[in-house]
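Chain letters run A, B, ... following the sequence lines, proteins first and then strands; every chain starts at 1. Computed from a predicted structure; not experimentally measured.
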There are 2 protein chains.
Amino acid sequence: MIKINDKRRLEKYILNHRINEIFDNDIKCFMELFYFKRNEYICKEGEDVPYLFFFVEGKVKIYITMSNGKSLLICFYDDFRIIGDMEMMSVKPATNNVQAIQDTYCIGISMETARKYLLNDVKFLRFMCGSLGDKLDKCSNNCSINLLYPLENRLASYILATGQKLNCNGKSVIKINENLKEISELLGTSYRHLIRTFNILIEKGGIIKNNGGYEVADEEILKKLSADLYK
Amino acid sequence: MIKINDKRRLEKYILNHRINEIFDNDIKCFMELFYFKRNEYICKEGEDVPYLFFFVEGKVKIYITMSNGKSLLICFYDDFRIIGDMEMMSVKPATNNVQAIQDTYCIGISMETARKYLLNDVKFLRFMCGSLGDKLDKCSNNCSINLLYPLENRLASYILATGQKLNCNGKSVIKINENLKEISELLGTSYRHLIRTFNILIEKGGIIKNNGGYEVADEEILKKLSADLYK
DNA sequence: ATTTTAATATGACATATGTCATACCTAATT
DNA sequence: AATTAGGTATGACATATGTCATATTAAAAT
């Protein structure tokens with residue numbers, strides 16, 4: 001996490017996402033811009049979250065770890081969202097992990113400041129209720145999909161959501177650059193079955209193997225297979 | 001849904017659940033007490049919710065129906081909770097179904113009144129943020145459990161959560177009185193597999209068949225099998 | 001009384017997924 | 001060079017779950 005001292009850029013994000021409009025009070029002066037490198041954690045389960053964040057650019061994944069050590073993907077954010085909302089209200093440590101899967105920018109307001117000014121800001125509280133409601137709605141929807149669709153569909157969706165676009169000799173290639181064991185845990189399946197399902201996607205022409213890694217071969221095929229999960 | 005004109009009872013609920021303490025304004029005068037018979041709907045997907053409800057006694061189940069017609073259990077409420085919170089914020093119709101599975105009492109405030117007074121009530125908005133945060137936390141947790149445990153465990157939990165306690169010749173018996181097809185849908189499984197799993201629970205001594213219906217034979221066995229789901 | 005319908009139940013088989021043993025490769029360690 | 005460890009890959013088999021055909025029973029409709 002690196003603080004970016006770029007007033008212009010901060011202003012740009014505030015304008016683009018109309019962040020000023022969600023507060024009664026002008027608290028622009030308390031806002032700081034932060035950069036998270038790909039793979040870096042924005043918050044970790046069990047740890048205090050030092051800032052209330054407004055996610056403004058990049059992509060993050062949210063996952064939970066269970067008491068038996070297994071972890072499971074909850075969802076992705078790739079559009080404007082609040083991070084740290086639950087922690088702000090409950091003064092409890094985070095219950096989920098939030099990890100950047102692309103270089104990511106967040107606007108942060110320190111938790112003390114946020115609690116001091118925003119817990120009395122009607123406009124913001126309303127916004128937060130709406131935001132939490134949205135999250136809850138998406139969560140219950142994803143939950144259903146997880147239970148009702150086999151891994152093949154969820155994996156296709158996961159690849160499209162997390163695959164890294166790279167330029168490879170002029171061609172744009174989407175690669176799966178993550179540890180396969182971790183992917184299997186996030187998708188709530190076994191390593192064995194994950195590999196099996198990768199092979200099925202290869203058979204169906206959605207992906208290919210290259211240099212010991214997987215790459216997207218046909219985005220359309222994957223799109224058809226992915227049933228709007230993790231949206 | 002029947003309006004109960006019993007000031008005393010209403011007062012009792014307000015006191016017990018400290019409902020007055022979650023508002024800055026005294027809005028007791030707008031509160032009405034409602035009774036829902038077992039199996040009755042408190043809200044239905046796609047329909048407007050006419051009241052903001054405070055669930056105070058009984059038990060309800062929340063489930064979602066998917067575009068392909070399948071439905072899936074989200075959770076149960078058997079403790080003080082808000083119903084209609086998301087609808088109040090977003091002025092959208094309900095996205096979930098809420099159905100009483102026991103005789104249930106809710107305190108209701110008409111949506112107009114709620115929007116008029118409560119959208120400016122800081123204390124209430126804070127409470128609502130906390131409440132939505134709790135729901136989100138539980139949802140993501142249940143979601144994980146659903147994916148990580150087989151039906152046997154989920155069914156055991158479901159039976160304990162929804163089984164009806166009846167007095168049968170002096171003995172207390174817990175019966176499963178619901179339509180089995182519906183149960184299978186709520187648990188996100190096939191009818192065939194549900195029956196199979198009932199039979200497994202019979203083999204393990206957790207339940208027995210009686211008069212063509214299933215009954216709990218050994219609560220402890222079921223408790224061990226149910227991994228804290230739907231709590 | 002007969003027919004129809006809905007709910008319950010089961011066998012047979014197919015598919016989805018988990019577990020375990022093991023093998024291979026590469027990078028790090030000794 | 002030999003050893004170790006982590007990540008990747010696969011076969012064999014077991015378990016979990018889905019699909020389909022079909023039987024049975026009880027309640028509802030005619």
Legend entry - Sugar-phosphate, base or nothing in reach of B/F198, heavy atoms under 4.0 Å: nothing
Legend entry - Nearest to side-chain heavy atoms of A/N179, which nucleotide of D/dG7, D/dA12, D/dA9: D/dG7
Legend entry - Short side-chain N/O contact from B/K209 to OP1 or OP2 of C/dT8, under 4.0 Å: no
Inset, instruction - Could you tell me the separation between the CD atom of A/E185 and the P atom of C/dT17, rounded to a whole number of Å? - result: 17 Å
Inset, instruction - Please work out if B/G188 contacts a base, only the sugar-phosphate, or nothing of the nucleic acid, heavy-atom cut-off 4.0 Å. - result: sugar-phosphate
Inset, instruction - Describe, in one word, how the ring planes of B/F53 and B/F34 are oriented to each other, choosing from parallel (under 30°), tilted (30 to 60°) and perpendicular (over 60°). - result: perpendicular
Inset, instruction - Check the distance between C/dG18's P and B/L151's CG and give it to me in whole angstrom. - result: 15 Å
Inset, instruction - By nearest nucleotide on DNA chain D, pick out whichever of A/L147 and A/L180 is the more 5' one. - result: A/L180
Inset, instruction - Look at A/Y149 and D/dT17 and indicate whether a side-chain polar atom (N or O) is within less than 4.0 Å of OP1 or OP2. - result: no
Legend entry - Nearest to side-chain heavy atoms of A/R154, which nucleotide of D/dA16, C/dT17, C/dT8: C/dT17
Legend entry - Rounded distance in Å - CD1 (A/I202) to C1' (D/dT10): 13 Å
Legend entry - Other residues, nucleotides, ligands: >12 heavy atoms within 6.0 Å of B/K12 NZ: yes
Inset, instruction - Mind checking salt bridge (charged side-chain N to carboxylate O under 4.0 Å, His left out) for A/K171 and listing every partner two or more places apart, or none if nothing turns up? - result: none
Legend entry - Nucleotide D/dT17, atom P - distance to CG of B/L187 in whole Å: 11 Å
Legend entry - Side chain of B/Y191 (C-beta onward), nearest among C/dT17, D/dT10, C/dT8: C/dT8
Inset, instruction - Anything under 30° is parallel, anything over 60° is perpendicular, the rest tilted; go ahead and classify A/Y35 against A/Y105. - result: tilted
Inset, instruction - Tell me, yes or no, whether the heavy-atom count around B/K92 atom NZ, taken from other residues, nucleotides or ligands under 6.0 Å, exceeds 12. - result: no
Inset, instruction - Measure the distance from NE2 on B/H193 to C1' on C/dT10 and round it to the nearest whole Å. - result: 15 Å
Inset, instruction - For C/dT10, take OP1 and OP2 only and decide whether either is under 4.0 Å from a side-chain N or O of B/N199. - result: yes
Inset, instruction - Would you mind reading off the distance between A/N211 atom CG and D/dA9 atom C1', rounded to a whole angstrom? - result: 17 Å
Inset, instruction - Let me know the distance between CD of A/E203 and C1' of C/dT15, rounded to the nearest Å. - result: 14 Å
Inset, instruction - For A/I195 and for B/R196, locate the closest nucleotide of DNA chain D by heavy-atom distance; then report the residue assigned to the nucleotide nearer the 5' terminus. - result: A/I195
Inset, instruction - For the side chain of A/T189, starting at C-beta, report the closest nucleotide among D/dT19, C/dG18, C/dA7. - result: C/dG18
Legend entry - Which nucleotide in D/dG11, D/dT8, C/dT8 has an atom nearest any side-chain atom of A/R192: D/dG11
Inset, instruction - Round to a whole Å and report the spacing from NZ of A/K181 to C1' of D/dT8. - result: 12 Å
